[in-house]
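Just so it is clear, the values below take in all heavy atoms, side chains as well, and ignore hydrogens, waters and symmetry mates. Each chain gets a letter, A, B and so on, in the order the sequences are listed, and its residues count up from 1. Computed from a predicted structure; not experimentally measured.
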2 protein chains.
Amino acid sequence: MTGADTKTTILDAAEGLFAEHGYDGTSLRSVTARAKVNLAAVNYHFGGKERLAIEVLVRHVGPINAERHRRLDALPTRPTMAAIVRAFVEPVFPVRAGCPAGPAAPGRDFCRMFGRMMAEQPPFLRAFLAGQFRELGHRFVACVRSTRTGIDPATAWWRLHFMAGAMAHTLLAGDGIAHLTEGLCDPDDAETTVEQLVAFVAAGLAGPPTPSRGRAARPARTQKRRSRR
Amino acid sequence: MTGADTKTTILDAAEGLFAEHGYDGTSLRSVTARAKVNLAAVNYHFGGKERLAIEVLVRHVGPINAERHRRLDALPTRPTMAAIVRAFVEPVFPVRAGCPAGPAAPGRDFCRMFGRMMAEQPPFLRAFLAGQFRELGHRFVACVRSTRTGIDPATAWWRLHFMAGAMAHTLLAGDGIAHLTEGLCDPDDAETTVEQLVAFVAAGLAGPPTPSRGRAARPARTQKRRSRR
DNA sequence: GTCTATAGGGGGATAGAC
DNA sequence: GTCTATCCCCCTATAGAC
């Protein structure tokens, strides 16, 4: 099975390069060079650059989301916000103890690549991402609403969105904070990073329902102009 | 001054294309085509693709950060978290009332472009971004710490980082939430978006200091391995 | 299955006429 | 200041020998 091994080699090489340079910034030539295989091998094994990117993602996203579902299943009927957030966050980071039994720990490369892909959202990935996260999103919203009566669905969705943003940014722009703080914050310390992220997001989720939620439902204020659209 | 007008035309065209396709995904040919100017004009006026991208950014980032500083100056000595967050968030979104006097309201294109650039962080931009945000970051951390005694600097920096992530993701992946929620959440409604973001971030910032902050300062636990590096 | 060679299309940058 | 024409690069994808 030399062929199967070639596939894995290519996937590993692509993962690192996509992480570093993004989708558009990565050439198949650089991938095959790093993998030490021939240029034509990518098209033979995957059928093109887009399919290669998708396969790099599914290799990790599948197990990660499976683990998330497993943790959501294991939640008590009235979970804490922190527990819910952990179910989403911990399977993604290369965490130390606590989830060692899970499927092959995603490497740092995948984390950065995933962050970039979330940001770039190449058109051919949108369908894939939507498919992977629609069900998970609904479960998340249901869990959040089960902990606190005052949160309407729209607010819960917004907060899921913000959580995803904080997470994606942490996965990909970690170097930035290390540089800005001159080492005070170390994104390579996965444990502390996760604790910080969980504390922040859990507090944000548990905040009071957004005042001006919905449309023309501001408490008391003279009619301002209803902007746009 | 026909020359100055050409420059602006190019900047506008580039802004839209960078927003839509990112830096790597945008060709100078597409820029000059949209701007209806000659291909050579970009190199004549800006000196290359990188310089063009930087100028597109500075055009908006400068005024936005100036406005942020102005709002931070106007903060009371013990401000609320929400007020601090507003000082950072509102100048970025195309907001309706409340900051109409500010410099030319940044359009949606710039918002998306900025989100992408924050995510991609092309190497030539890192120095620029660091320069633009170092001072602002320190002021932000100082403000946050002034509201609450228990927050150490590292935690404050982490939370600033998460805020930036939530904001960047909101700026660029707005379509995603509209699609996922089938219209329940509308990223084109800038007012509601800002209110949701401010409420979430303010609550996250005001959360209890992160338990496992710092390094080997976990309450009680056997020495675990000190990961990597 | 694996490789070489090449097709066929853009890409950024520049020289030099106007 | 503006344009045309061009240099020379790198890209993805594929055909066809081994």
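In this structure, A:D12 pairs ionically with A:R59, as a charged nitrogen and a carboxylate oxygen lie closer than 4.0 Å. For the pair A:R86 and A:E195, the salt-bridge criterion is met [side-chain N within less than 4.0 Å of a carboxylate O]. Look at A:R139 and A:E135 and you find no salt bridge, because none of the NZ, NE, NH1 or NH2 atoms lies under 4.0 Å from a carboxylate O. Ion pairing of A:D24 with A:K49 is absent here, as no side-chain N (NZ or NE/NH1/NH2) approaches a carboxylate O to less than 4.0 Å.
A donor-acceptor pair shorter than 3.5 Å can be found between the side chains of A:T210 and B:Q196.
Using a 4.0 Å heavy-atom cutoff across all strands shown, B:A41 reaches no nucleic acid atom at all.
Rounding to whole angstrom units, NE2 of residue B:H45 and P of D:dG1 are separated by 7 Å. Distance B:N38 CG to C:dC18 P: 16 Å, rounded to the nearest Å. We find that CZ of B:R51 is positioned 11 Å from P of C:dA13, with the value rounded to whole Å. Between A:L39 atom CG and D:dT14 atom P the separation is 12 Å, expressed in whole Å. The OH atom of A:Y44 sits 19 Å away from the C1' atom of C:dA5 (whole-angstrom rounding).
In the region residues 15-31 of chain B, proximity to DNA chain D at under 4.0 angstrom, judged on heavy atoms, holds for none of the residues.
Residues satisfying the ring pair (Phe, Tyr, Trp, His ring centres under 6.0 Å) test with A:H161, not counting sequence neighbours, are A:W158, B:H169.
Residue B:T6 places no side-chain N or O under 4.0 Å from the OP1 or OP2 atom of D:dG1. Distances shown here put a side-chain N or O of B:N43 below 4.0 Å from the OP1 or OP2 atom of C:dA13.
In this structure, of C:dA15, C:dG12, D:dA13, it is C:dG12 that holds the atom nearest to the side chain of B:K49.
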